[in-house]
Amino acid sequence: MQAVILAAGMGKRLGELTKCNTKCMVEVNGIRLIERMLCILDKKALSRIIVVIGYEGDRLKDFIGTLDISVPICYVENKAYDRTNNIYSLALASEYLREEDTLLLESDLIFEESLIDCLLTDKRDTLVLVDKFENGMDGTCLILDAEDNIVDFISGKFLDYDEKNRYYKTVNIYKFSKRFSSQFYLPFLKAYISTMGDNEYYESVIKFIMLLDKNLIKAKRLVNGEKWYEIDDKQDLDIAETLFIEDQEKRYDRMAKRFGGYWRYPHLLDFCYLVNPHFPSKRMMKEISSNTEQLLTQYPSGMKENCLLASKNFGVQEEHIVVGNGAAELIKELLGQLEGKTGIISPTFEEYPNRYGKCDCVIMDTAEMDFIYHSSDVINFFSDKKIRNLVVINPDNPSGNYMDGLQCEEIATWCEKQGINFILDESFSDFAEGNAKELSAIKEDFLKKYPNAYVIKSISKSYGVPGLRLGIMASRRTDVIAAVKKLVSIWNINSYAEFFMQILGKYEQEYMESLEFLKRDRKALYEQLSQIKDLNP
């Protein structure tokens, strides 16, 4: 068994990183792609490794010469690398393919050693390595039958995303038997180039052979979550560097700094994420997706119209409510309007304290209180601190501490008497026991009674739509509300978010049911955690 690595390409999409080096010389966490690949192959008792070089080929050869690789390495040069594609590079290595069974790899891959092992241990002699198609993947895909036969071979530009659950993505690692190469692949390769030219892809030949006889080459499915990634641009490189950090703590830290976008990692489960898993309903999702063309290709409404929608959904007057690109946008703009020291309860949602310097915050640390506090604790702590603003998140994040409506009104009354701006963040209030609408402070009577109050609510959490980036703020301070409306962009929310608000009313019953499902789940989790010794949930 030998290996052939195609490494002639220029990798233009990587910009400065490939200005003086071919793509496989790019580093992932300090190790070049080609070094990692060769070190894996060096363990597999191969007879030789053939590297097809082209762009900056001498630099690549010099670097490989510095590595401690025991397997003999041969080079084939593609001098026409700038006007040909990988079909020509592989054709240049034809004589090698005739002589031995071959592992064929593209050089822009990073992968775990187990991928090579699964090919080598499989007794079938000719295989294409495939993985289940996931969001974000691109390029050639296959449809397979139950016997691992290739039913269809689909290039990236012809993918039907309605059918994506049927697709498998080629990893661009193959195992060719000597017989398959000499009797089938290479003759067809020669004929294909003579007909179509040398600026094509070698996968096209495999597709052509498959149409004639599907039994000649089988698919080898990855089934154990083996890691691999193809690096075409800097974003690919960023994801690959995160996936292949060996130290788990460092990988976690790097992942956490992304603050989202975890759909790029299909096998990742985010247990830190506080979101309603039972909403939107499938019916609502279908209505949104059925309007994708209009929502994607047309502008959203401006602030006035979106505030009318929020006014309708949450039962307050238009001039008393503002819609934000997530609650975070409203937090930023509101705190920019308020002067003086601000009281913060800790631990809490860090967006609030992060908006101030340490000298501008007065922190009430609840660690010694077992993270449980009441309205009287809050009032007593801040009564002599000369604060101008007080932030209360209720229920709080991450402690889950919850004060009922009477306690919130007690704090609001105290703030009114002291001339303190009361910022009540109820982003998680719908998760509390009781009726969500009754628990909410976004009501005209509450706002009228406490004119110094600002009630903020994230739509992302309780409604399960963090990708829409929706939040609202309500207050009788029309001057501040108007100022915030003026500060944010006129199109601060997109058409999907607007459409969600437009249709939300007719799904109110499904939303209320989703909250009951969530409370059921929480009760079950609490009961199970309670059975663990020394754990106090």
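Numbers here are sequence positions counted from 1. For the numbers below, each heavy atom of this structure counts, side chains included, while hydrogens, waters and symmetry mates do not.
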Test item: [X] side-chain N/O and [Y] main-chain N/O as donor-acceptor pair under 3.5 Å:
{"X": "Arg355", "Y": "Glu333", "answer": "no"}
{"X": "Asn85", "Y": "Asp198", "answer": "no"}
{"X": "Asn276", "Y": "Ser462", "answer": "yes"}
{"X": "Asn494", "Y": "Ala497", "answer": "yes"}
{"X": "Asp122", "Y": "Arg124", "answer": "yes"}
{"X": "Asp145", "Y": "Asp148", "answer": "yes"}
{"X": "Ser489", "Y": "Trp491", "answer": "yes"}
{"X": "Asn354", "Y": "Glu350", "answer": "yes"}
{"X": "Asn325", "Y": "Asn492", "answer": "yes"}
{"X": "Ser181", "Y": "Thr102", "answer": "no"}

Using 4.0 Å as the upper bound for N to carboxylate O, is an ion pair formed by [Y] and [X]?
{"X": "Glu351", "Y": "Lys332", "answer": "no"}
{"X": "Glu134", "Y": "Lys169", "answer": "no"}
{"X": "Asp152", "Y": "Arg166", "answer": "no"}
{"X": "Asp117", "Y": "Lys44", "answer": "yes"}

Using a distance-only test with no angle check, is there a side-chain donor-acceptor pair under 3.5 angstrom linking [X] and [Y]?
{"X": "Ser70", "Y": "Asp42", "answer": "yes"}
{"X": "Glu226", "Y": "Ser114", "answer": "no"}
{"X": "Thr348", "Y": "Asn397", "answer": "no"}
{"X": "Asp101", "Y": "Gln2", "answer": "no"}
{"X": "Thr84", "Y": "Asn199", "answer": "no"}
{"X": "Arg98", "Y": "Ser182", "answer": "no"}
{"X": "Thr170", "Y": "Glu203", "answer": "no"}

- Message: Please list all pairs meeting side-chain hydrogen bond (donor to acceptor under 3.5 Å, both in side chains) that have one or both residues in residues 18-34, counting only residues at least two apart or in different chains.
- Response: Lys23-Asp108, Lys23-Asp232
- Task: Would you give the length of the straight line joining atom CD1 of Ile49 to atom CG of Leu41, rounded to the nearest 0.5 angstrom?
- Result: 5.0 Å
- Item | Distance in Å, Glu99 CD paired with Glu95 CD, rounded so as to fall on 0.5 Å steps |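 It comes to 7.0 Å.
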- Using the ring of Tyr167 (Phe, Tyr or Trp, six-membered ring only), decide whether Lys132 places NZ or CZ under 6.0 Å from its centre and within 45 degrees of its axis.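 No.
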- Message: Would Lys227 and Phe111 count as a cation-pi pair here, with the cationic atom under 6.0 angstrom from the ring centre and within 45° of the axis?
- Response: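 Checked: cation-pi criterion not met.
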Over 12 foreign heavy atoms within 6.0 Å of [atom1], [X]:
{"X": "Met285", "atom1": "CE", "result": "no"}
{"X": "Lys250", "atom1": "NZ", "result": "no"}
{"X": "Tyr161", "atom1": "OH", "result": "yes"}
{"X": "Asp58", "atom1": "CG", "result": "no"}
{"X": "Glu249", "atom1": "CD", "result": "no"}
{"X": "Asp68", "atom1": "CG", "result": "no"}

Side-chain heavy atoms of [X] within contact of [Y], under 4.5 Å:
{"X": "Leu525", "Y": "Asp521", "value": "no"}
{"X": "Ile53", "Y": "Asn78", "value": "no"}
{"X": "Leu222", "Y": "Cys118", "value": "yes"}
{"X": "Ile69", "Y": "Cys39", "value": "yes"}
{"X": "Ile493", "Y": "Arg469", "value": "no"}
{"X": "Arg258", "Y": "Tyr265", "value": "yes"}
{"X": "Leu515", "Y": "Arg520", "value": "no"}
{"X": "Glu113", "Y": "Arg36", "value": "no"}

- Start with the C-alpha gap between Leu237 and Glu241, add the side-chain angles, then the distance that decides, and say whether side chain to side chain contact (heavy atoms under 4.5 Å, CB included) holds. CA-CA 6 Å; Leu237 179 60; Glu241 286 182 331; 4.2 Å; yes
- Message: Phe428: which residues meet the ring-ring contact (aromatic ring centres under 6.0 Å, His included) condition with it, sequence neighbours left out?
- Response: none
- Task: List the steps and the verdict of salt bridge (charged side-chain N to carboxylate O under 4.0 Å, His left out) for Lys457 and Asp430.
- Result: CA-CA 10 Å; Lys457 187 178 186 69; Asp430 289 8; 3.0 Å; yes
Kindly give the heavy-atom pair with the smallest separation between [X] and [Y], and that separation in Å.
{"X": "Cys24", "Y": "Ser107", "answer": "CB-O, 3.4 Å"}
{"X": "Ser47", "Y": "Pro72", "answer": "O-CD, 3.5 Å"}
{"X": "Leu103", "Y": "Met1", "answer": "N-SD, 3.9 Å"}

- Partners meeting salt bridge (charged side-chain N to carboxylate O under 4.0 Å, His left out) with Arg251 (sequence neighbours left out): none
Show me the pairs that pass ring pair (Phe, Tyr, Trp, His ring centres under 6.0 Å) and involve [range], at least two apart or across chains.
{"range": "residues 506-529", "value": "His278-Phe517, Phe279-Tyr511, Tyr463-Tyr511"}
{"range": "residues 172-220", "value": "Tyr174-Phe176, Tyr174-Tyr202, Phe176-Phe180, Phe176-Tyr185, Phe188-Phe208"}
{"range": "residues 69-109", "value": "Tyr55-Tyr81"}

- Go through the steps to decide whether Glu287 and Arg283 satisfy the test salt bridge (charged side-chain N to carboxylate O under 4.0 Å, His left out), and finish with yes or no. CA-CA 6 Å; Glu287 180 170 2; Arg283 190 167 69 99; 5.9 Å; no
- Between Leu97 and Lys178, does a side chain to side chain contact (heavy atoms under 4.5 Å, CB included) hold up when you go through it step by step? CA-CA 6 Å; Leu97 269 66; Lys178 174 183 174 181; over 6 Å; no
- Query: So Phe349 and Tyr352, would you call those rings parallel, tilted or perpendicular, with 30° and 60° as cut-offs?
  - Reply: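 Rings of Phe349 and Tyr352: perpendicular, as their planes differ by over 60°.
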- Stepwise side chain to side chain contact (heavy atoms under 4.5 Å, CB included) check, Ile5 with Leu38: CA-CA 9 Å; Ile5 300 173; Leu38 289 173; 3.9 Å; yes
- Message: Walk me through whether Asn149 and Leu144 qualify under side chain to side chain contact (heavy atoms under 4.5 Å, CB included).
- Response: CA-CA 6 Å; Asn149 294 311; Leu144 311 177; over 6 Å; no
